[in-house]
Every structure is written in structure tokens, then in C-alpha cells.
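Please read the structure below before turning to the comments.
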Amino acid sequence: HYVSSRGKKHKNGATDKGLEGVKNFFATHKCGPLCAKLGLKVRTRDTVQNEDLGELFYHCVPSRVFRQRVLERIESAPWITRIAAEVTDLGEDNQGTFVETSAGRFVGTWMVQSIRFMGADAKRQPDYPVRQHFGGVEIKTDRPVFDTDHFTLMDFSVPQRDGATFVYVLPFAPDRALIEHTMFSPTPLSPAEHIEAAEAYIRDRFDVPFEVLRREVGDIPMDDRYPSQRSNAHVFNIGIAGGQIKPCTGYTFARVQRYA
């Protein structure tokens with residue numbers, strides 16, 4: 001849990017047992033009324049629980065599609081100039097905010113940045129350096145094997161490596177789905193290891209020939225640092241650098257959109 005220390009938020013308290021506590025929780029947890037209220041389908045080592053989500057549903061937004069839409073909006077805005085370059089430094093001095101890049105130096109009055117932790121945030125070490133890392137495949141099977149009325153949110157019956165490990169299955173059609181292998185641990189697996197684990201899950205659970213339509217991997221810091229919203233008087237931090245990740249879940253996308 002979190003406690004307040006000198007007015008600061010997101011500081012872990014004495015009852016937080018870290019990664020070992022997460023492992024122990026999932027080793028003994030059995031779903032009860034609270035899990036049912038969440039409206040989730042939960043698979044443990046020995047049980048599968050089905051819950052009705054009512055009017056709720058899920059979305060899958062491929063990063064390439066989202067990026068393309070964002071770039072299209074940027075290109076259509078005459079007041080925005082897009083520059084593709086390597087950023088070597090950024091900050092604020094007596095001349096204002098600045099960005100040093102391979103394309104030159106740019107200055108301004110205000111800056112909004114999501115590139116890096118800055119100032120004291122860059123030096124602060126987390127007490128629990130946990131990361132959420134994942135890799136998965138969207139596949140098309142030779143025959144229908146997926147139930148489009150149900151998705152598997154967390155299947156913890158998979159091998160537990162050096163951290164809490166689960167797989168989720170999001171069906172798009174009876175013969176097409178996204179299968180994602182996810183872990184919470186201090187040291188991430190390689191992308192190849194995640195993809196291999198996801199494909200092993202498919203062979204074990206569905207035993208059907210399949211074609212891989214696309215692959216995806218990711219690595220999200222889930223540590224207990226809470227970055228400053230400002231690095232300087234005129235430099236605002238957003239995204240991961242601005243603390244927009246929810247540490248207990250890794251959910252970031254919707255929070256970033258709301259903050260923006």
C-alpha cells in the first residue's frame with residue numbers, strides 16, 4: 001500500500017511485500033465475491049471462472065494504426081512543424097527552454113516532453129524495480145477454435161518463471177485472436193522468449209495449425225517512483241516521464257490521453 005511521506009504521494013508502506021508478496025498472493029488466491037464484482041473471467045491453476053461483463057467490451061488498438069492516425073492529425077495542423085531527429089539534450093536555461101538535436105538547437109518559452117526522466121527524477125532509484133514485459137502474436141487458425149463471446153483475461157496456469165506470469169487471449173473471430181504472454185519481474189525476458197512462450201501456449205491449449213499475422217512486444221516500468229510533473233518552471237513532463245503509468249497494473253494509454 002501507499003503512505004504519505006512529507007506530503008509526497010506514491011511511497012510504499014511497511015505492508016508492501018514487493019515481488020515476493022505478489023508471488024505469494026497468486027500462489028494461494030482463490031476468486032471470491034470481489035473478483036465476481038469485477039466482472040472478469042479468471043483462470044487459476046485449478047479453476048476457470050466465467051463472469052458476464054454486461055455492456056463492457058474490449059478494444060485492441062495496434063500501435064501502427066494509432067501512430068498513423070496521430071501523424072495524419074499532425075500533418076493536417078498548419079501550426080505544427082514535425083522534425084525527425086535524434087534528441088541529445090533538453091531542458092531550460094536563461095534563454096528559455098531548449099532541445100538539442102541532430103538537426104540543430106530549438107528554443108521556446110514552454111516545453112512538454114515525454115522523452116526522459118529529468119533532474120532529481122533521473123537520479124532517484126526505485127525501491128522495487130519491477131517491470132511489466134510482454135510479447136504475443138495475433139494468429140489465424142486453420143479451423144474455428146475461439147469463442148468470441150468470451151475472452152481470457154488472466155491465465156495464471158502457465159509456468160511461473162522469475163515473477164508473476166500469465167497469458168491473455170482476445171478473440172477477434174472464431175479463427176483469429178491475440179495471445180499475449182505477460183510477466184511482472186525485475187529482469188525482462190527477451191522478445192523471442194515471450195513469443196516462444198505465447199506460441200507454446202497456443203499449441204498446448206488449442207492444438208491447431210496457425211498462421212502468425214503479427215507480433216508485438218513491450219516493456220513497461222512498474223516501479224514505485226513518482227516523477228515530478230515539472231522538471232523546470234517551463235518544462236512539463238508527460239507520459240511515462242510524467243508518472244502516467246498506473247504502477248499496480250501498467251495501464252497507461254487512457255491515462256495519457258486524458259492528461260494530454
Side-chain angles (χ1 to χ4, degrees), residues 16-32 34-36 38 40-51 58 60 63 126-148 150-172 175-224 245-252:
D16 179 19
K17 302 304 179 183
L19 182 59
E20 193 62 32
V22 174
K23 292 180 181 178
N24 292 337
F25 172 81
F26 288 119
T28 59
H29 174 71
K30 290 186 179 297
C31 290
L34 179 59
C35 296
L38 292 175
L40 306 175
K41 177 183 178 182
V42 180
R43 182 189 296 269
T44 64
R45 285 186 174 89
D46 53 5
T47 63
V48 176
Q49 180 173 320
N50 292 277
E51 296 293 341
Y58 62 81
C60 178
S63 59
D127 292 326
Y128 301 103
V130 177
R131 307 187 73 85
Q132 178 188 168
H133 44 104
F134 53 88
V137 290
E138 182 180 338
I139 64 170
K140 183 175 178 59
T141 58
D142 280 6
R143 64 178 186 274
V145 294
F146 303 112
D147 180 359
T148 55
H150 294 85
F151 68 95
T152 300
L153 187 64
M154 291 180 174
D155 185 349
F156 286 101
S157 66
V158 297
Q160 299 296 303
R161 304 192 183 189
D162 186 25
T165 310
F166 62 89
V167 169
Y168 62 82
V169 180
L170 304 182
F172 304 127
D175 61 349
R176 187 167 65 90
L178 172 66
I179 291 86
E180 195 99 337
H181 182 264
T182 304
M183 278 187 65
F184 291 78
S185 69
T187 305
L189 295 182
S190 69
E193 288 175 302
H194 277 298
I195 297 299
E196 179 183 351
E199 293 186 353
Y201 181 91
I202 297 168
R203 291 189 293 269
D204 179 63
R205 295 298 194 277
F206 302 105
D207 189 26
V208 62
F210 61 90
E211 173 191 1
V212 175
L213 303 179
R214 68 180 181 91
R215 296 176 175 86
E216 64 177 36
V217 294
D219 182 6
I220 303 173
M222 302 278 288
D223 58 56
D224 54 324
I245 290 178
K246 189 173 184 179
C248 61
T249 62
Y251 292 158
T252 308

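Here the structure is a predicted model, which is why all the values come from computation and not from measurement.
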Spatial distance of atom CG (L189) from atom OG1 (T182) [nearest 0.5 Å]: 10.5 Å
D175 versus K140, closest heavy-atom pair with distance: OD2-NZ, 2.6 Å
Pairing residues for E216 by the salt bridge (Lys or Arg N to Asp or Glu O under 4.0 Å) criterion, not counting sequence neighbours: R214
D204 atom CG: more than 12 heavy-atom contacts under 6.0 Å: yes
For P221, side chain to side chain contact (heavy atoms under 4.5 Å, CB included) partners two or more places apart: R131, D223, I240, I245
Taking every non-hydrogen atom, the tightest pair across V158 and V167: CG1-CG2, 3.8 Å
Approximate separation, where rounding is to 0.5 Å, of L178 CG and E138 CD: 6.5 Å
Smallest separation among heavy atoms of R161 and A197, with atom names: NH2-CB, 3.8 Å
Sub-4.5 Å side-chain heavy-atom contact between V217 and I195: yes
Minimum-distance pair of heavy atoms, taken over all atoms of P171 and A177: CA-CB, 3.7 Å
Test ring pair (Phe, Tyr, Trp, His ring centres under 6.0 Å) applied to F206 - qualifying residues, sequence neighbours left out: F146
Residues in side chain to side chain donor-acceptor pair (under 3.5 Å) contact with H133, at least two apart in sequence or another chain: S185, H194
Heavy-atom check, side chain of I179 versus side chain of I139, under 4.5 Å: yes
Contact check, side chains of F166 and F184, non-hydrogen atoms, under 4.5 Å: yes
Exercise: identify the closest heavy-atom pair between R176 and L213: CD-CD1, 3.6 Å
Partners meeting side chain to side chain contact (heavy atoms under 4.5 Å, CB included) with R203 (sequence neighbours left out): E199, A200, F210
For E193, side chain to side chain donor-acceptor pair (under 3.5 Å) partners two or more places apart: S190
Test side chain to side chain donor-acceptor pair (under 3.5 Å) applied to T187 - qualifying residues, sequence neighbours left out: none
Any side-chain heavy-atom pair of Y201 and H181 under 4.5 Å: no
R205 side chain near D155 side chain, heavy-atom distance below 4.5 Å: yes
